[in-house]
Amino acid sequence: MHEEPEPQEDSGHVREGHAEIVDAAKKEEHHEDVKEKLKRKEFEIFVGRLDKDATEDDLRKVFSEVGNVTDVRLMMNPQTKKNKGFAFLRFATVEQAKRAFTELKNPLE
């Protein structure tokens, strides 16, 4: 008596289903990364109209009066080695970032 082999699940279909799960996981991971970056932006303020000779230490000194500055990104011109006139400062809390923005919004006025 000759037995017919039982039908096997199409391995291509299984791989396709696995790829969809992997794609969904990657999309979810990307979504979480974007949410985390947006959340971090809440702690950050933009500072413009800086003197070209201003340094990170200068910014830390001024802004530490209103909160705990955790990061300073002073944008530099690679040719002149001077800053481009703007920076991004990150604070320990959203409240400190808001306070810095409010209290130091127009310090020259």
Query raised in the report: Are side-chain heavy atoms of Val47 and Phe63 found at a separation under 4.5 Å?
Result: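 Yes, side chains in contact.
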Please check this pair: side chain of [X] against backbone of [Y], looking for a donor-acceptor N/O pair closer than 3.5 Å.
X	Y	answer
Arg60	Val69	yes
Arg90	Glu44	no
Ser64	Lys61	yes
Asn83	Ala54	yes
Gln96	Asn68	yes
Lys52	Lys84	yes

To the nearest 0.5 Å, tell me how far [X] [atom1] sits from [Y] [atom2].
X	Y	atom1	atom2	answer
Lys98	Phe43	NZ	CZ	10.0 Å
Lys82	Thr55	NZ	OG1	11.5 Å
Ile45	Leu104	CD1	CG	7.0 Å
Leu50	Leu74	CG	CG	6.5 Å
Phe101	Phe91	CZ	CZ	11.5 Å

Query raised in the report: With a 6.0 Å cut-off on ring centres, are Phe46 and Phe88 close enough?
Result: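 That pair passes the under 6.0 Å test.
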